[in-house]
Amino acid sequence: MPKRSAGLLLYRQGDGGIEVLLAHPGGPFWQARDGGAWSVPKGEVEPGEVPLEVARREFEEETGHPPPDGECLPLGTVQLKSGKVVEGWACRGELDPATALSNRTSVEWPPRSGRLIEIPEIDRVEWFSPVEARHRLNPAQVAFVDRLEEALIETGRPGEPASVPGPGTGPESTGGRLR
């Protein structure tokens, strides 16, 4: 069984259309990486856990803010190059990137050195247009933005999505500074 993660894509109506909130991974490995490095806030689903509950919990851990109340729009699943399967949801909400605060984790750095350093899981979150988000996101997660836009287009009213394919349905895809 491949590892599974669950994530939450926050979106809002901006002056130029919708914007999505993406997270940049923390630590020295990701420090100079940008295009293809960003992600939806997400975390691993352990056996017996409900994926949407994991997505909501991980959003709060990685941003320091609770996710918006209300229903979340299922965005289906994608498979990362590593083989991990990520299940995503979209929620309309607001978050000031300057107030985001990620949890911290320990990693071995440099690799195979035996030396552990403490880093934030996420070093920053930012709002992006869908076009810019597609450039910044891990390539497999671009499908989440595509599915959100499709759902918003179906209704003709930004912020009021129609239903989109649920987890495991629909097309599968491969492939603010924090304190």
Side-chain angles (χ1 to χ4, degrees), residues 4-26 30 34-45 49-78 80 84-103 120-155 157-167 170 173 176-179:
R4 292 180 19 199
S5 285
L8 195 63
L9 180 63
L10 194 66
Y11 71 97
R12 69 181 183 185
Q13 180 64 36
D15 292 339
I18 68 162
E19 297 175 321
V20 294
L21 186 79
L22 303 182
H24 187 271
W30 297 102
D34 191 59
W38 293 69
S39 176
V40 300
K42 64 178 177 34
E44 196 162 324
V45 177
E49 288 188 302
V50 176
L52 179 55
E53 291 174 9
V54 171
R56 295 178 69 80
R57 177 191 71 219
E58 292 294 326
F59 181 89
E60 186 163 1
E61 287 180 5
E62 294 185 354
T63 68
H65 291 268
D69 290 332
E71 287 191 41
C72 294
L73 174 71
L75 298 175
T77 61
V78 297
L80 305 182
K84 180 186 282 186
V85 173
V86 180
E87 190 169 352
W89 287 266
C91 289
R92 185 174 181 163
E94 194 58 59
L95 187 146
D96 179 356
T99 65
L101 178 64
S102 179
N103 59 328
E121 272 195 64
I122 299 300
D123 64 12
R124 63 190 179 273
V125 295
E126 292 183 33
W127 290 101
F128 295 105
S129 70
V131 170
E132 186 63 23
R134 286 181 182 93
H135 169 71
R136 304 282 181 118
L137 269 170
N138 172 298
Q141 293 183 37
V142 167
F144 291 147
V145 174
D146 294 342
R147 294 171 191 166
L148 173 61
E149 278 195 311
E150 288 170 14
L152 295 174
I153 288 169
E154 283 181 25
T155 65
R157 294 183 308 274
E160 295 182 28
S163 62
V164 295
S173 180
R177 184 76 48 196
L178 294 184
R179 294 173 269 152

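None of the values given here were measured: they were computed from a predicted structure.
In this structure, E87 contributes its side chain and R4 its backbone to no donor-acceptor pair below 3.5 Å. Counting only distance, with no hydrogens or angles, the side chain of R136 and the backbone of W38 share no donor-acceptor pair below 3.5 Å. A donor-acceptor pair under 3.5 Å is absent between the side-chain atoms of R56 and the main chain of P66, judged by distance alone. Put simply, the side chain of H65 never gets that close to the backbone of D96: no donor and acceptor are under 3.5 Å apart.
Side-chain atoms of N138 and V78, non-hydrogen and from C-beta on, never get closer than 4.5 Å to each other. Contact check for L95 versus F59: side-chain heavy atoms found under the 4.5 Å cut-off. The shortest distance between side-chain heavy atoms of C72 and L52 falls below 4.5 Å. The shortest distance between side-chain heavy atoms of L8 and P41 does not fall below 4.5 Å. In this structure the side chain of C91 never reaches within 4.5 angstrom of the side chain of P67, judged on heavy atoms.
Closest approach of E121 to S102, counting heavy atoms only: N-OG, 3.5 Å. Across G93 and P68, no two heavy atoms sit closer than the pair CA-CG, 3.9 Å. Nearest approach of P51 to W89, heavy atoms of both residues: CB-CH2, 3.5 Å. Here the closest heavy-atom approach between residue V145 and residue P130 is recorded as CG1-CB, 3.8 Å. Closest heavy-atom contact between V40 and G7: CG2-CA, 4.1 Å. Taking all atoms of both residues into account, the shortest heavy-atom contact from P25 to I122 is CA-CD1, 4.2 Å.
In this structure, CH2 in W127 is found 5.5 Å from CD in E94, a value given to the nearest 0.5 Å. For the atom pair CG (L148) and CD1 (I18), the distance works out to 4.5 Å, reported to the nearest 0.5 Å. Interatomic distance, F144 CZ to T77 OG1, rounded to the nearest 0.5 Å: 7.0 Å. Put simply, CG on L137 and CG on D146 are 9.5 Å apart, with the number rounded to the nearest 0.5 Å. To the nearest 0.5 Å, atom CD of residue E62 and atom OG of residue S39 are 7.5 Å apart. To the nearest 0.5 angstrom, E126 atom CD is 9.0 Å from L22 atom CG.
Remark: K42 does not engage E58 in a salt bridge, criterion side-chain N to carboxylate O under 4.0 Å.
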So W30 and D123, side chain to side chain contact (heavy atoms under 4.5 Å, CB included) or not? Walk me through it. CA-CA 9 Å; W30 297 102; D123 64 12; 5.8 Å; no
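The number of heavy-atom neighbours closer than 6.0 Å to CG of D69, taken from other residues, nucleotides and ligands shown, is 12 or below.
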